[in-house]
Amino acid sequence: MAVHSSSFGGLHLSGEDARKFVAQTRTGQSAAVKQTVSRGKELAAALLATGQVRIDSSSR
């Protein structure tokens, strides 16, 4: 397994681990996964628009 990470949290998988990750993202997407992705997209859009996001831990 080869993993490369940056100080900003970037992660790169290669080889068999990359193939497994891609397979996992294509199958078995539960409602919780879809909700998490949707929320992540909202936060990313807010971060790009305003330069900041607020995450309230009590709303989970």
Please table the atom pairs, donor to acceptor, closer than 3.5 Å between any side-chain atom in residues 43-53 and protein atoms at least two apart or in another chain.
| residue | atom | partner | partner atom | Å |
| --- | --- | --- | --- | --- |
| T50 | OG1 | A46 | O | 2.8 |
| T50 | OG1 | Q52 | N | 3.3 |
| T50 | OG1 | Q52 | O | 2.8 |

Qualifying residues under side chain to side chain contact (heavy atoms under 4.5 Å, CB included), relative to Q35, sequence neighbours excluded: none

Do you know which two heavy atoms are closest between R39 and R54, and how far apart they sit? NH2-O, 4.4 Å

